[in-house]
Amino acid sequence: MMGKKERSFAQLMHVSLEELVPQDHFYRHLDRTLDLSLVRDLVQETYASLGRPSIDPVVFFKLQLVMFFEDIRSERLLMRLVADRLSVRWYVGYDLDEPLPDHSSLSKTRMRYGLPVFRRFFEAIVQQCREAKLVWGKELYFDSTQVNANAALDSLTARFALEAREAIQQHLAILFAGEEAKPENAEESHTCDAPLPENIQGTSPSALSAVNAAALLEECEADTMAKPENSQQSSSTDKALPNRLAETISSPSPTALSPLISTALQEEMAATTATRHDWIAQAGRQQREVAGKYQRTADLRISTTDPDATPMRLKGGGVHLGYHTHYVVDGGKSRIILAVLVVPGEVMDNQPMLDLLWHVCFRWQLRPRQVTGDTKYATIKIIKALEDAHIRAYVPLPDWEHITPYYGPAHFTYDAANDLYWCPQEQPLRPFCRSESREQVGYRADPATCNTCPVKAKCTESGSGRQLHRSFHADYLERVKGYHQTFAYQKAMNKRQVWVEPLFAEAKQWHRMRCFRLRRLWRVNGEALVTASGQNLKRLLRKRGWGRRPFPTEAVATPAIGKADQSPRHDLLKSRRPSSAVASLASSDATNLFFAFQKNLFSSIITVLHHSLFSL
């Protein structure tokens with residue numbers, strides 16, 4: 001007899017998520033490892049004293065981590081996953097019959113927090129890694145990668161037209177700001193889910209306290225005007241409102257410490273800070289007022305979809321709108337990411353490098369012995385700053401010898417005593433010009449002697465004599481060239497290839513960082529900070545005892561030696577596509593097992609050959 005299953009669901013009684021979620025589940029270990037109650041202090045200044053309660057900040061950041069570990073690119077899909085997955089419901093703290101937040105609330109919460117909160121969240125994870133002794137601090141590695149923007153090239157338009165349109169909209173908003181009607185319900189105007197204005201995001205706690213106090217004062221006046229004269233009603237809210245207002249106004253602001261430097265030096269430092277472009281404070285924004293003779297494409301055209309994304313040439317060919325994501329990675333075995341910055345694709349990689357370096361050194365109180373990067377960081381400005389700070393600059397210098405078919409600078413000898421160069425034919429090249437802006441001195445040979453030289457065809461084609469240029473800081477370049485002959489430099493170059501680049505590969509392969517899902521510069525910076533926080537958190541989880549694997553590492557690293565368990569139960573329990581939450585945690589152990597297997601195999605072969613030779 002054929003059976004038939006009726007779909008009837010009875011109400012469950014006495015069922016708890018604590019019983020349904022296994023004790024050895026990944027999210028249980030994550031909850032024990034990372035205490036996110038600290039985020040309430042990070043976001044306290046972004047909320048008003050009164051109003052409808054918002055989503056718990058702890059729940060918001062837990063959902064961000066779930067999105068990272070589960071490889072989800074949409075808040076809508078994220079909330080669907082939370083509704084279906086018991087373990088995620090348990091992790092965020094929502095019971096089976098408890099309604100979940102709407103996905104739109106997450107976007108509003110992100111708008112309210114702004115970039116500073118995400119940066120402080122990332123630093124809180126790094127601080128826990130430091131407390132777990134995962135940060136070494138003696139070596140720093142710099143690198144960047146290209147990440148596509150969530151915009152197409154067809155969205156490019158003339159920049160002046162878009163800026164004029166925005167200027168008109170701002171002017172109209174200011175012009176008609178006083179005529180906006182106030183909401184009927186004063187309580188709705190202070191709901192916590194409404195985003196803060198852009199000019200309030202990122203402000204100090206004292207400034208936000210003043211804003212909250214002004215809002216409360218307006219609410220008091222509105223309630224007073226709306227209440228009739230003969231009304232005898234009194235509520236607890238009316239009584240508590242002046243007290244809350246007094247508490248808000250009287251909240252103490254941070255006390256400024258008296259500096260130990262003179263007033264003249266303070267004014268000089270303030271003037272220098274005002275003129276320089278701080279890439280971290282500006283969240284990677286391009287300095288458009290400094291254009292020079294070269295005019296960038298982004299100075300003329302802008303994307304209407306993502307105005308901060310700029311055209312960049314991809315390494316595989318073609319052009320796409322995108323960004324550059326910069327990582328500063330510690331040289332310790334755990335490869336902890338110490339700083340993250342996303343800049344538009346038009347920004348050269350060497351421009352924000354020094355700001356990232358000083359930020360890492362002062363924020364985490366590190367004194368690195370060496371800094372390693374590729375050729376893009378081998379500028380005189382960076383090398384001089386590193387060497388002056390007693391930090392070795394392990395960067396490959398540009399190959400000036402093979403740029404042209406003529407003799408390179410290495411064929412000429414500099415005479416420091418007489419300040420001149422000697423050519424291969426022992427003829428002098430004397431100074432003939434000096435450029436303070438380029439910080440270099442020009443040297444030129446005598447034209448009459450140079451034109452009659454027998455090797456002129458290999459040296460120059462100019463009739464004015466061979467010219468060379470020497471930087472004011474050439475001694476720093478010579479010092480870096482001396483590093484290239486050392487074993488420490490070769491080790492650092494080899495280490496860089498397996499220290500930073502695999503982190504970018506991990507983020508792109510497992511966590512969808514090939515293309516940002518958000519738009520605008522401050523949002524993609526926040527997205528990159530969450531990704532880097534998750535990568536650091538995986539190292540912290542491994543340190544604190546997370547050893548579960550979604551599949552046997554032997555099956556990934558080595559060929560099958562014996563028959564595996566072929567039972568149906570084994571096939572059902574084994575994941576077809578391991579989730580990125582734990583699969584990447586096994587990568588290092590699998591690699592170590594692979595090399596151990598290869599080492600044992602190689603030793604066995606050597607032993608057999610050794611016995612064979614002795615038997616002959």
Side-chain angles (χ1 to χ4, degrees), residues 129 134-147 312-317 322-343 348-350 352-353 356-357 360 366 368-379 382-383 386 391-399 402 480-511 513-514 528 531-532 534-536 538-539 542 556-557 580 583-599:
C129 293
L134 297 180
V135 178
W136 185 30
K138 300 301 182 182
E139 299 176 3
L140 297 179
Y141 292 84
F142 288 76
D143 205 354
S144 66
T145 186
Q146 294 178 338
V147 183
M312 66 178 183
R313 295 190 179 275
L314 303 178
K315 295 181 180 179
Y323 298 92
H324 284 174
T325 301
H326 294 258
Y327 273 7
V328 182
V329 183
D330 177 60
K333 294 182 178 180
S334 299
R335 297 181 301 162
I336 300 299
I337 304 171
L338 300 178
V340 182
L341 182 65
V342 180
V343 298
M348 299 296 293
D349 291 344
N350 54 57
M353 189 265 187
L356 288 171
L357 173 64
V360 168
L366 302 179
R369 295 194 302 248
Q370 66 188 47
V371 165
T372 307
D374 53 16
T375 314
K376 295 174 293 188
Y377 301 100
T379 63
I382 292 177
I383 292 175
L386 291 177
I391 302 174
R392 291 194 173 189
Y394 285 168
V395 291
L397 298 176
D399 187 9
H402 302 89
V480 172
K481 288 182 182 179
Y483 296 156
H484 293 179
Q485 310 302 324
T486 62
F487 174 76
Y489 173 82
Q490 299 297 333
K491 180 181 178 181
M493 288 291 104
N494 295 333
K495 188 176 179 180
R496 189 188 71 86
Q497 298 178 359
V498 296
W499 232 247
V500 189
E501 295 177 2
L503 290 175
F504 290 138
E506 173 191 340
K508 291 184 177 182
Q509 181 69 23
W510 293 100
H511 307 295
M513 206 178 74
R514 297 185 186 275
T531 301
Q535 291 181 277
N536 289 339
K538 289 195 295 186
R539 276 77 185 167
R542 185 190 307 163
V556 179
S580 61
S584 55
L585 290 174
S587 59
S588 63
D589 295 337
T591 305
N592 295 335
L593 182 61
F594 171 75
F595 284 111
F597 176 80
Q598 297 294 336
K599 182 179 179 181

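A donor-acceptor pair is defined here as one N or O able to donate and one able to accept, closer than 3.5 Å; no such pair exists between the side chain of Asn536 and the backbone of Ile336. Side chain of Glu506 to backbone of His511: no donor-acceptor contact under 3.5 angstrom is found. Side chain of Arg539 to backbone of Gln535: a donor-acceptor contact under 3.5 angstrom is found. Of the possible polar contacts, one joining the Gln490 side chain to the His484 backbone as a donor-acceptor pair under 3.5 Å is found.
Here the shortest heavy-atom pairing between Val360 and Ala339 reads CG2-CB, 3.5 Å. Nearest heavy-atom pair across Leu386 and Ala393 is CD1-CB, 3.6 Å. Smallest separation of non-hydrogen atoms from Gly373 and Met493: O-CE, 3.7 Å. The nearest pair of heavy atoms linking Tyr483 to Tyr489 is O-CB, 3.0 Å. The shortest non-hydrogen separation linking Gln370 to Ala492 is NE2-CB, 3.7 Å. Annotation for Lys376 and Thr379: closest pair O-CG2, 4.2 Å, computed over non-hydrogen atoms.
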*asked:* Is there a side-chain contact (heavy atoms from CB on, under 4.5 Å) between Val147 and Val342? Walk through the geometry before answering.
replied: CA-CA 9 Å; Val147 183; Val342 180; over 6 Å; no

Exercise. Please walk me through it: do Val328 and Leu357 pass side-chain contact (heavy atoms from CB on, under 4.5 Å)?
Worked result: CA-CA 8 Å; Val328 182; Leu357 173 64; over 6 Å; no

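Under the ring pair (Phe, Tyr, Trp, His ring centres under 6.0 Å) criterion, Tyr323 pairs with Phe516, sequence neighbours left out. Remark: Tyr327 engages Phe504 in a ring pair (Phe, Tyr, Trp, His ring centres under 6.0 Å) (not counting sequence neighbours). Thr531 meets the side chain to side chain donor-acceptor pair (under 3.5 Å) test with no other residue; sequence neighbours excluded.
In this structure, Thr375 OG1 and Leu397 CG are separated by 8.5 Å, a value rounded to the nearest 0.5 Å. Annotation: the span from Leu341 atom CG to Leu356 atom CG amounts to 5.0 Å, rounded to 0.5 Å. Remark: Met513 CE to Thr325 OG1 distance equals 4.5 Å, nearest 0.5 Å. Note that CD of Glu139 and CZ of Arg369 are 6.0 Å apart. Values are rounded to the nearest 0.5 Å.
Side-chain contact between Glu501 and Asp143 is present, with at least one heavy-atom pair separated by less than 4.5 Å. Side-chain contact between Ile382 and Val371 is absent, with no heavy-atom pair separated by less than 4.5 Å. Within the 4.5 Å cutoff, the side chain of Leu366 has heavy atoms near those of the Leu338 side chain. At least one side-chain heavy atom of Arg514 sits less than 4.5 Å from a side-chain heavy atom of Gln509.
Here the options are Lys508, His324, His326, the test is side-chain hydrogen bond (donor to acceptor under 3.5 Å, both in side chains), and the partner is Thr145; only Lys508 passes.
Side-chain contact annotation: Ser144 with Asp349, donor-acceptor N/O pair under 3.5 Å present.
Note on ring orientation: taking the six-membered ring where Trp is involved, the planes of Trp499 and Tyr141 are tilted (angle from 30° to 60°).
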